[in-house]
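As structure tokens, the structure follows; a few thoughts come after it.
Keep in mind that what you see is a predicted model, and the values were worked out from it rather than measured.
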Amino acid sequence: MGTSPLDGRYARNFNTLTPEEQKKLGASKVVVIGLGGLGGGVCEMLARVGVGHLSLIDGDSFEVSNLNRQLLSQEHLIGVPKAEAAKNRVAAINSEVNVTHQVAYLDESNLYEQIKDADVVMDCLDSIDTRFKLQDAAKKAVIPIVSGAIAGVTGQVTSIFPEDLGYELIYGKKSREQSKGVETRTGNIAYCAMFVAAIQSSECVKILLNRGDILHNKLLIAELWTNTFEVVALT
Amino acid sequence: MIKIDLRLFVTLAKYLPKNSGSFEIPEQTTVEMLILDLGIPLELVKLIFVNGKRQDRNYPLKHNDRLGLFPPVGGG
């Protein structure tokens, strides 16, 4: 076999990851739903760490108000679908990743089909009721979800497995009125989005490798004005 | 009276009383009673943590409890 200038791509992953673990990541498939503040960071980190198959989904296009925090947004990409920008970014970072993208909003009618072949699904959504729908689909597909959510400089991350109550423990019973959270009043700050995306990426890798402590029935809460970082038990 | 360490997150922070780190309340006060006493609309509180564990509104607060109240956070 010939050598490529990119053969050393994962050199600095070792020995935090073993070659076997790197190979396992390369064979893993992750679906990222929502490509805004959280999803952009998650795509970037999963592509760099070497997750081999990424499916990137968002129906939205970039607006000027995304520039304050969304890694994938750039001035010249205003109006461009986020999924397209995400695919291009991943391809530019790591050509070894098999990346697919879809410009689509997901709901009950198509969620299951989109996630059923994944090893992990990343919830980077901005709607609480879609999060509940995703949980139903992931339960049916028997796939874990890594969920992140942000408001202002506050963030939370949890990993939800098919047998868990999941979002009900965080948002209460599902209700139609509960589409958005307090982020509609606080906005979202870049470093909080990136921080939560980083924790989500870490959770994803741990689940794929079955390694480390996973936020299963636990919620990591971070509040950056006060440097509050706490893992709380949901059950 | 007992003392608790009270933390209010995100949009609830504006309801934070003085001396919240060592906040005095009568014995047998439940989380719900405290939320109402602080003037916080009940529906704004989605998550209640006491000493690092999720609890419901009927939890009777104890001396030295560390209480955190969280609104719904859903942004991405």
Identify the heavy atoms of [X] and [Y] that sit nearest to each other, and give their distance.
X: I128(A); Y: G74(B); result: CG1-CA, 4.1 Å
X: T154(A); Y: V73(B); result: O-CG1, 4.4 Å
X: G76(B); Y: D126(A); result: N-CB, 3.6 Å
X: E168(A); Y: R54(B); result: O-NH2, 4.3 Å
X: L169(A); Y: L47(B); result: O-CD2, 3.3 Å

Can you say whether [X] sits under 4.5 Å from chain B via the side chain, the backbone, both, or neither, judging by heavy atoms?
X: T228(A); answer: side chain
X: S147(A); answer: neither
X: R69(A); answer: neither

Give the member of [options] that has the highest number of heavy-atom pairs under 4.5 Å with chain B.
options: A197(A), G181(A), A193(A), S127(A); value: G181(A)
options: I170(A), D123(A), N188(A), L35(A); value: I170(A)
options: R131(A), E183(A), Q70(A); value: E183(A)
options: T186(A), V231(A), L234(A); value: L234(A)
options: G172(A), A151(A), G148(A), G187(A); value: A151(A)

Counting only heavy atoms not in [X], do more than 12 sit closer than 6.0 Å to its [atom1] atom?
X: K140(A); atom1: NZ; value: no
X: R66(B); atom1: CZ; value: yes
X: Q28(B); atom1: CD; value: no
X: K139(A); atom1: NZ; value: yes
X: D56(B); atom1: CG; value: yes
X: K206(A); atom1: NZ; value: yes
X: E75(A); atom1: CD; value: no

Report task. Please examine the side chains of Q156(A) and F70(B), heavy atoms only from C-beta on, and report whether any two atoms are closer than 4.5 Å. Result ->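 In short, these two side chains touch, coming nearer than 4.5 Å.
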
**Report entry** Distance (rounded to the nearest 0.5 Å) between F49(B) CZ and I221(A) CD1
**Finding:**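 Reported value, rounded in 0.5 Å steps: 3.5 Å.
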
